[in-house]
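Just below is one structure, and these are the notes that go with it.
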Amino acid sequence: MRFVWLVFVGLLAAMALVLPRMNQPTSSSKEAPNSAQASLAELPEAAGAAARADSIVAFGLAQRGTPYAYAGTSPLTGFDCSGFILYTFGHFGVAMPHSTALLITVGRPVARSEAQPSDIIVFMGTDTTSTIPGHAGIVISGWGEIPLRFVHASSARRESGVKVSQVEGSGYERRFLQVRRVL
């Protein structure tokens with residue numbers, strides 16, 4: 001038993017000496033990176049952003065079946081569309097407004113054909129004369145994928161709650177306003 005403790009203490013001591021040196025720059029890392037080094041340096045950041053987007057989409061999809069509730073922001077009591085977005089992005093530390101009118105101002109606009117998973121998609125309200133934001137969801141389709149699908153909290157009479165819908169060939173196509181890139 002004494003031998004096990006000696007090995008354990010030895011490993012701890014070795015880790016205490018080696019770990020602090022692992023984060024120190026070496027002389028070669030101080031040099032300007034060549035193009036191969038630069039693209040490799042960007043890879044983890046791009047991969048991290050894609051993984052974060054996929055996590056947001058997966059978390060949003062996991063809320064399917066949660067009932068619709070006006071002004072709702074919780075899976076326990078239900079969501080409205082902006083409350084669903086607020087809750088989903090908030091789970092990952094991304095602040096969002098609880099207002100569809102304000103969701104059209106977050107991030108930056110992107111073309112509908114360039115929508116990516118985790119982008120916000122904003123629609124006009126259901127009133128045929130409406131020209132202002134009235135509904136929103138989270139894009140789940142891949143870049144350039146048609147139909148453009150999104151997860152959202154719907155107040156539809158027939159099938160309300162968090163569900164997946166598509167833009168093309170639906171009433172959402174007529175109401176489409178904009179896609180916003182947040183990440």
Side-chain angles (χ1 to χ4, degrees), residues 44-183:
E45 186 176 319
R52 189 173 190 197
D54 290 343
S55 295
I56 288 170
V57 167
F59 187 77
L61 288 170
Q63 308 310 311
R64 281 183 291 191
T66 302
Y68 179 85
Y70 178 76
T73 60
S74 166
L76 300 175
T77 56
F79 294 112
D80 68 0
C81 64
S82 61
F84 167 69
I85 292 170
L86 171 91
Y87 177 79
T88 302
F89 277 84
H91 182 78
F92 295 92
V94 180
M96 289 288 191
H98 187 199
S99 163
T100 306
L102 293 176
L103 282 172
I104 195 110
T105 66
V106 300
R108 64 180 173 86
V110 294
R112 185 165 124 186
S113 60
E114 295 176 12
Q116 296 178 358
S118 82
D119 286 347
I120 304 297
I121 188 165
V122 183
F123 303 94
M124 292 180 278
T126 55
D127 185 340
T128 56
T129 62
S130 178
T131 58
I132 60 171
H135 189 62
I138 302 170
V139 173
I140 63 172
S141 294
W143 187 85
E145 190 177 313
I146 295 177
L148 181 57
R149 296 171 4 131
F150 60 101
V151 60
H152 60 121
S154 171
S155 63
R157 288 184 187 143
R158 225 179 23 199
E159 189 185 344
S160 68
V162 177
K163 64 182 185 177
V164 172
S165 297
Q166 68 183 42
V167 176
E168 289 76 15
S170 73
Y172 291 109
E173 192 162 27
R174 174 188 59 79
R175 297 169 47 203
F176 173 81
L177 278 177
Q178 201 169 81
V179 173
R180 307 290 299 185
R181 175 107 359 108
V182 179
L183 300 181

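The main-chain N or O of Arg108 is never found under 3.5 Å from a side-chain atom of Arg181 such that the two would form a donor-acceptor pair. The backbone N or O of Ser141 lies less than 3.5 Å from no partner atom in the side chain of Glu145, so there is not a single donor-acceptor pair.
Annotation for Ala153 and Phe84: closest pair CB-CB, 3.9 Å, computed over non-hydrogen atoms. The nearest pair of heavy atoms linking Ile120 to Val122 is CG2-CG2, 4.0 Å.
Two residues are said to be in side-chain contact when any heavy atoms from C-beta on lie closer than 4.5 Å; Ile138 and Ile121 fail this criterion. The shortest distance between side-chain heavy atoms of Gln166 and Leu148 does not fall below 4.5 Å.
Aromatic rings of Phe79 and Tyr68 (six-membered ring for Trp) have centroids beyond the 6.0 Å cut-off, not under it. For Tyr172 and His152, the ring centers are positioned less than 6.0 Å apart.
A cation-pi contact links Arg112 to Phe176, judged by a cut-off of 6.0 Å to the six-membered ring centre and 45° from its axis.
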Check step by step if side-chain contact (heavy atoms from CB on, under 4.5 Å) holds for Asp80 and Ser155. CA-CA 8 Å; Asp80 68 0; Ser155 63; over 6 Å; no

Go through the steps for His135 and Thr100 under the test side-chain hydrogen bond (donor to acceptor under 3.5 Å, both in side chains), then give the verdict. CA-CA 6 Å; His135 189 62; Thr100 306; over 6 Å; no

Determine whether Arg180 and Gln178 satisfy the following criterion, side-chain contact (heavy atoms from CB on, under 4.5 Å), listing intermediate values before the conclusion. CA-CA 6 Å; Arg180 307 290 299 185; Gln178 201 169 81; 2.5 Å; yes

Could you walk me through whether Leu177 and Phe123 pass the side-chain contact (heavy atoms from CB on, under 4.5 Å) test, one step at a time? CA-CA 5 Å; Leu177 278 177; Phe123 303 94; 5.8 Å; no

Please test Val151 against Val57 for side-chain contact (heavy atoms from CB on, under 4.5 Å), starting from the C-alpha separation and ending with a verdict. CA-CA 8 Å; Val151 60; Val57 167; 5.9 Å; no

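Applying the side-chain contact (heavy atoms from CB on, under 4.5 Å) test to Ala69 and every residue at least two apart in sequence or in another chain returns nothing.
Side chains of His98 and Thr73: a donor-acceptor N/O pair is absent below 3.5 angstrom, by distance only.
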